[in-house]
Each structure stands twice: as C-alpha cells, then as structure tokens.
Amino acid sequence: MPGPGPLADRDRVDGVQHYGRKNPPDEHGKATWTAVPRLYVEMVAEDRRLRLARYEIYGSGGYELSAPGGRQLLEKFFTELLTRHQKPTL
C-alpha cells in the first residue's frame with residue numbers, strides 16, 4: 001500500500017476555453033468569451049476527484065504564462081517542485 005504522500009503531481013494550464021464559450025467575432029473580427037459557470041464546476045470537480053485519488057494539482061493561467069516573465073515563472077516553479085521531490089533540477 002502506498003504511503004500517505006501524493007501518488008503524482010499534475011500540472012494544468014487553464015485558459016478561457018476551460019471555463020467559457022467563444023462568442024461570434026465582432027465587426028472587427030475579434031472574438032470574446034463568456035464565462036460559463038457549468039464548465040468551471042466541471043473543472044473543479046475533476047480537481048477534487050484527482051485530489052481524492054492522491055494527485056497534487058498545480059494550476060497556472062495561460063495569461064500568466066504568456067505575460068512577460070512567464071518562462072521564468074515556470075522555471076522557478078519546476079525547480080522548486082523538483083527540489084521538493086529531491087529530483088535533479090532544470
């Protein structure tokens with residue numbers, strides 16, 4: 001029987017497509033999104049299911065990662081995660 005720690009880590013990048021529906025393009029061709037609470041509920045329900053199965057979930061937003069400094073944010077996160085699990089770092 002595995003010990004009390006997590007079985008595995010899961011990394012997730014959330015974008016608007018995870019919690020919204022795309023609207024038709026406007027007169028300038030720009031598409032917007034409308035939040036759909038049901039989609040968000042489905043996503044967090046899956047998180048709960050995975051956590052109960054002893055997975056650790058680490059979520060990031062697509063906007064956060066595509067902004068200036070996004071690459072450094074990811075490198076820092078994965079270095080800390082690998083250090084936590086005593087694995088070679090990046």
Side-chain angles (χ1 to χ4, degrees):
M1 174 103 135
L7 289 175
D9 295 322
R10 305 301 297 174
D11 302 307
R12 183 188 74 226
V13 176
D14 297 332
V16 69
Q17 71 275 14
H18 290 99
Y19 53 83
R21 290 279 185 238
K22 194 172 188 178
N23 299 316
D26 64 15
E27 64 275 4
H28 303 290
K30 181 178 179 183
T32 58
W33 293 76
T34 298
V36 178
R38 180 185 50 78
L39 293 176
Y40 179 75
V41 167
E42 290 171 4
M43 183 177 68
V44 296
E46 180 65 6
D47 274 9
R48 286 193 306 269
R49 186 188 71 75
L50 288 169
R51 289 175 196 268
L52 287 172
R54 295 187 31 230
Y55 285 84
E56 290 196 13
I57 311 297
Y58 299 98
S60 301
Y63 181 82
E64 161 185 51
L65 300 178
S66 63
R71 180 183 177 99
Q72 292 81 5
L73 183 143
L74 273 181
E75 288 174 353
K76 181 177 187 274
F77 168 76
F78 281 107
T79 297
E80 291 174 3
L81 183 64
L82 292 170
T83 299
R84 175 181 173 188
H85 292 289
Q86 300 176 348
K87 304 284 184 194
T89 58
L90 303 172

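Here the CZ atom belonging to F77 is positioned 9.0 Å from the CG atom belonging to L82, to the nearest 0.5 angstrom. For the atom pair CG of D47 and CD1 of I57, the computed distance is 5.0 Å after rounding to the nearest 0.5 Å.
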*Between E80 and K76, does a side chain to side chain contact (heavy atoms under 4.5 Å, CB included) hold up when you go through it step by step?*
CA-CA 6 Å; E80 291 174 3; K76 181 177 187 274; 2.9 Å; yes
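Residue pairs meeting the salt bridge (Lys or Arg N to Asp or Glu O under 4.0 Å) criterion with at least one partner in residues 20-38, sequence neighbours excluded, are R38-E42.
Qualifying salt bridge (charged side-chain N to carboxylate O under 4.0 Å, His left out) partners for E46, counting only residues two or more places apart in sequence or in other chains: R49.
Taking hydrophobic clusters as Ile, Leu, Val, Met, Phe, Trp and Tyr residues chained together by side-chain heavy-atom distances below 4.5 Å, V44 does not share a cluster with L39. Connection of L73 to Y63 is not established within any shared hydrophobic cluster, with ILVMFWY side chains joined at heavy-atom distances below 4.5 Å, either directly or through further cluster members. Hydrophobic clustering (ILVMFWY, side-chain heavy atoms < 4.5 Å, transitive): V41 and Y19 are in distinct clusters. Hydrophobic clustering places Y40 together with W33 (ILVMFWY residues linked when any side-chain heavy atoms are closer than 4.5 Å, directly or through intermediates).
Ionic pairing of R71 and E75 is present here: one or more N-O contacts between side-chain nitrogen and carboxylate oxygen are shorter than 4.0 angstrom.
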